[in-house]
Structure formats: C-alpha cells, structure tokens
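Contents: one structure, followed by commentary.
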Amino acid sequence: MDLNIKINNNGHLDIGGADTCDLVEQFGTPVYVIDENRIRDNYNRFYNAFSKYYSDFKVFYACKANTNIAVLKILEEERCCIDAVSPGEVYISKKLGFSGDRILFSGNNIRNDEIEFVNGEDVILNIDSVSALKRLAESIKPNGKKISFRVNPMVGAGHHGHCITGGEMSKFGIMETEAVEIYKLAKELGFNPVGMHSHIGSGILNPEPFKLAIESTMNIAGKVHLEAGIDFEFIDFGGGVGIPYTPDENLVDLDTFAKENMALFKAKLEEFDMGQPTLYLEPGRFIVGDSSVLLVTVNSVKESYRKFIGVDAGFNTLLRPAMYDSYHHIVVANKMNEEATQKVDVAGNVCESGDLFARDRPLPDIEEGDILAILNAGAYGFTMASNYNSHPLPAEILVKDGEAFVIRKAQTFDDIFEKQSIPKHLE
Ligand SMILES: *Cc1c(COP(=O)(O)O)cnc(C)c1O
C-alpha cells in the first residue's frame, strides 16, 4: 500500500512528526494539517525525476490545488515556479516573491481588466483562444511581449469526466487546425509567441495518456515551427500526474514516467529540428495531495437503514467525494492499530443526503469522540471549500519536524457575513 500513513507508538496517526490526536486537542476539528517536509520531498522527487532526463526543466506548481500562502512560500524557497489560472493567483504569487518570469498565467474566459492586470504584473501569458488573443492585442501594447498558446492535443485523461481537459468536449485550448494561423497572427499583431502549452487532465497514474499528449502536442509544435517560423523557448505539457487515493493504487513510478516521456519529447524535438526549448510541467496534486489530512471528530453513530458515522465537517469542507465521487481513504486517528470490524457510511454535517465522505467503508469499531483522518486532502481540499450551510472555514496547521504552526485561523461566524449589508429600507 502506497498511501502516506505513519503510526506512532501511541497507536495514533502521525503527520510530520506530530501526533494528530494532540493536534486535535490543541486546535479542535475540523482542521486541515499539512506536512511541510512532504511538500518539499514531493517537489524534489518530481524535479529530480525529469531533470535527470532533460536538464532544461522547470516545475510550475499549479497552485489552484492549494494556495495557502505558507505552502506557496515553501515552494518559493524551493525555487519552484507557479502556474496561475486566475488574477488572484497571480496577485498572491507576486506578493510572496515569485517574479513575473516564474509565473505562467493560463487564464480561461477572462475579462479585459483581468488581462490588463496580469499583463501589468509582467507574467508569462498563456492564451486559450483567437478571441482572447485579439482582445489582448486591443487592451495592451503587444511590444514584442512573449506569449504562449494552449493547444487542445485531442487527448484527454483523468479520474473523472470533469477533470478531462483535452479532446472534443473540452472547453480548453485552440484547435490543431488553427494553430499555425494563430501563431502567425500573434506575430502580425506584434507579439513574440515563444511557447506552446497543453494540459490533458488530472489524476493520471500511468505514462500512456501523457505520451499520446506529448506526441500530439509536439506534432502541432513541429508544424508551427516549420510553417509559422516559431522558435520555441518553452514547451509545457501541463500537470495531471496522479497520486494513489485507494489502498490498491500505487505511487506513480516517476523514473519510468519521466524516462519514457522525455525520450519521446527529445525524439520529437529532433524530428522537427526544434533545438532545446525549456520544458515546463505543472504538477498540482502531485506536489501537495498527500501532504495533508483533514481531521474531523465523530459526533454521532447512527443505526438506521444503514450505519452512519456522523462527523463535524461536510462537503463544504472537502468537496471531492461529492463533486467527483472521489475516494478518500479514512482512518481512525486514535485507533490506528485496530482492525476493521464493520462497513459504515461516513456522513458529513451538511444538510444534503449527498454529503457523504464514504459508503460501505470498512472501519474499526467507532464511538462518538473518535477522530477520523481523511487522507490526501492537500490538493483541491481547502481551495474548494465553501461556507455552504454557513459553516465557518476550518483552520490550517502546518507541521514541520513535529512542531505545529497555525497558517490559517478558522473563520468565525462574523467572518462569514462580514461583506454583507442591509439596505436602509430594511433597517
Ligand atoms: C489544474 C491544472 C494543473 C494541475 O493539475 P494536477 O492534476 O493537480 O496536476 C496544471 N495545469 C493547468 C493548466 C491546470 O488547470
């Protein structure tokens, strides 16, 4: 089993050298806990795996997975770059010290004022449509600005239909058939188009779909190189490398993954005589996914038509099970050495029957007051949380070598309603 689970001498779940039960005593539940060293390890494993086979390589962390500013700061220290998908992500990355050339902005359906804002921040702009290119040319002075285009390589993959971002049904990218023209148009408009980008989906555990995407993207890039005279400074194959969520899934064999994909990449560069552009990859989930757990307290055990274990968080806190039908492994943090004795449904505290973290999950005997840890909560966990049902957002705790730091305080009720106001006639 490749899940990131450590048990300490008390039979409790350990994270980053801290006892999760102690953390709960100190900080309450629900609470997200993040292991700093795991993020550093994941980043370095990823960087080393690919740079071994292609040295001119940069990692652009897809920060929509987790934008806690402490997490971003850790990756800034590691000299990682940022893949930003919104002006807000550009704003915070700049503020934390990432220079513009370390931020790639892949906007989607953005307004003119947003284009102007990100352009003013001097980040690399990755354009997604002819319409966006034309609007960009109208709202800023092209002045030889370096840009890239996101192409649709007509290959899609991912753990759920919502996460497949290539292929005929995808809203992302420009079509292969329009690629040459759009690069020519960009030059005519006064831009310097130097990059090509693709991102096929999320949660990919084997190299095959990636190879197809690399092949397809490189064929498009080769054609653009030959027919539009573009010398690429960088090629970006996006993110999507998965992590094991279930006990029978395995860690991606990164060495094989990198070796096979880089061999293909290099062969294609040679085939089209494209020199040695910098390779960008944009892992999100891989860097932060298994660094974190969501700790919750059992507050009811209900024998109804089924057996329900009720906890003090819901899909407002961790959306993935409800949104994507995702499996998150769950352990009883204070009873790590006990065997499963029953199959139960783990239900949240949101007023909707779809609010379940697990169905028919084998777990040990559970009583009220037990602490459950929902694993792999570091990617698309907090960043997708909401105030639905007027529950405050939980705290986030960073652990490093056993020491715990509050990196986000839990919201209060007032925080939830702070931006609202009552018009005069209702006072
Ligand atoms: C979401 C996203 C990623 C990261 O996907 P992961 O599956 O978390 O690695 C990378 N690039 C782009 C453009 C994205 O939208």
Side-chain angles (χ1 to χ4, degrees), residues 43 46-47 49-51 53-65 75 80-85 89-90 93 98 100-108 118 123-129 132-133 145-157 165-166 170 172-174 176 179 182-183 186 191-202 204 207 209-225 230-241 257-258 261-262 264-266 268-269 272 274-287:
Y43 169 79
F46 196 90
Y47 180 80
F50 285 89
S51 58
Y53 296 103
Y54 193 82
S55 59
D56 203 352
F57 171 53
K58 288 184 183 171
V59 178
F60 283 69
Y61 165 59
C63 72
K64 73 177 190 285
L75 289 163
C80 185
C81 305
I82 292 289
D83 170 50
V85 292
E89 291 181 354
V90 169
S93 306
F98 291 89
D101 59 337
R102 286 171 71 200
I103 303 171
L104 178 74
F105 175 70
S106 294
N108 186 242
V118 292
V123 300
I124 313 164
L125 298 178
N126 186 33
I127 315 290
D128 186 62
S129 66
L133 175 67
K145 183 170 176 63
K146 290 182 179 180
I147 58 171
S148 65
F149 288 100
R150 177 171 186 165
V151 299
N152 181 342
M154 295 306 284
V155 179
T165 54
S170 170
F172 293 106
I174 58 171
E176 175 175 7
I182 205 170
Y183 276 85
F191 292 103
N192 186 11
V194 292
M196 184 173 282
H197 171 276
S198 66
H199 170 69
I200 57 165
S202 200
I204 302 163
F210 247 84
K211 281 201 233 161
L212 291 175
I214 288 185
E215 181 161 27
S216 164
T217 304
M218 288 305 290
N219 286 341
I220 304 173
K223 198 164 169 218
V224 168
H225 170 65
I230 302 294
D231 288 322
F232 284 103
E233 288 182 13
F234 70 88
I235 306 267
D236 183 336
F237 297 118
V241 179
F257 201 102
N261 283 304
M262 290 306 93
L264 179 60
F265 176 50
K266 285 190 276 191
K268 283 286 169 187
L269 287 175
F272 295 108
M274 289 170 69
Q276 192 177 341
T278 307
L279 169 72
Y280 295 0
L281 292 177
E282 304 170 342
R285 186 188 315 276
F286 186 90
I287 305 287

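Start at 1 with the first residue, then count along the sequence. As a basis for the values below, the full set of heavy atoms in this structure was taken, side chains included, without hydrogen atoms, waters or symmetry mates.
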Rounded distance (nearest 0.5 Å) linking atom [atom1] of [X] with atom [atom2] of [Y]:
X    : Y    : atom1 : atom2 : value
L269 : Y54  : CG    : OH    : 5.0 Å
R150 : N108 : CZ    : CG    : 7.0 Å
E282 : K64  : CD    : NZ    : 8.5 Å
N192 : I230 : CG    : CD1   : 7.5 Å
I124 : Y280 : CD1   : OH    : 4.0 Å
I147 : F191 : CD1   : CZ    : 5.0 Å

Please walk me through it: do L264 and F210 pass side chain to side chain contact (heavy atoms under 4.5 Å, CB included)? CA-CA 10 Å; L264 179 60; F210 247 84; over 6 Å; no
What is the minimum heavy-atom distance between [X] and [Y], and which atoms define it?
X    : Y    : value
A84  : V90  : CB-CG2, 3.8 Å
G240 : H199 : N-CE1, 3.9 Å
P209 : I200 : O-CD1, 3.6 Å
T217 : M196 : O-SD, 3.7 Å
H225 : F232 : N-CE1, 4.2 Å
M274 : A221 : CE-CB, 3.8 Å

Could you label the plane-to-plane angle of the F237 and F265 rings as parallel, tilted or perpendicular, counting under 30° as parallel and over 60° as perpendicular?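 It falls in the perpendicular class, over 60°.
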Is the ring pair F50/F46 parallel, tilted or perpendicular, if the boundaries are 30 and 60 degrees?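 Judged by the thresholds at 30° and 60°, the geometry between F50 and F46 is tilted.
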Backbone N/O of [Y] and side chain of [X]: donor-acceptor pair under 3.5 Å:
X    : Y    : value
S216 : L212 : no
H197 : D236 : no
R102 : C80  : yes
S148 : G195 : no
D128 : G173 : yes

So do the side chains of [X] and [Y] get within less than 4.5 Å of each other, counting heavy atoms only?
X    : Y    : result
V151 : E176 : no
V194 : F234 : yes
P283 : V241 : no

Start with the C-alpha distance between N261 and Y53, add both sets of side-chain angles, then the distance that settles side chain to side chain contact (heavy atoms under 4.5 Å, CB included), and finish with yes or no. CA-CA 9 Å; N261 283 304; Y53 296 103; over 6 Å; no
Determine, step by step, whether D83 and S106 satisfy the side chain to side chain contact (heavy atoms under 4.5 Å, CB included) criterion, reporting the C-alpha distance in whole Å, the side-chain angles of both residues, the deciding distance to 0.1 Å, and the verdict. CA-CA 7 Å; D83 170 50; S106 294; 3.6 Å; yes
Between R285 and S202, is a side-chain hydrogen bond (donor to acceptor under 3.5 Å, both in side chains) present by the stated rule, with each step listed? CA-CA 8 Å; R285 186 188 315 276; S202 200; 2.7 Å; yes
Heavy atoms from other residues, nucleotides or ligands near NZ of K266 exceed 12 (cutoff 6.0 Å):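 Enclosed.
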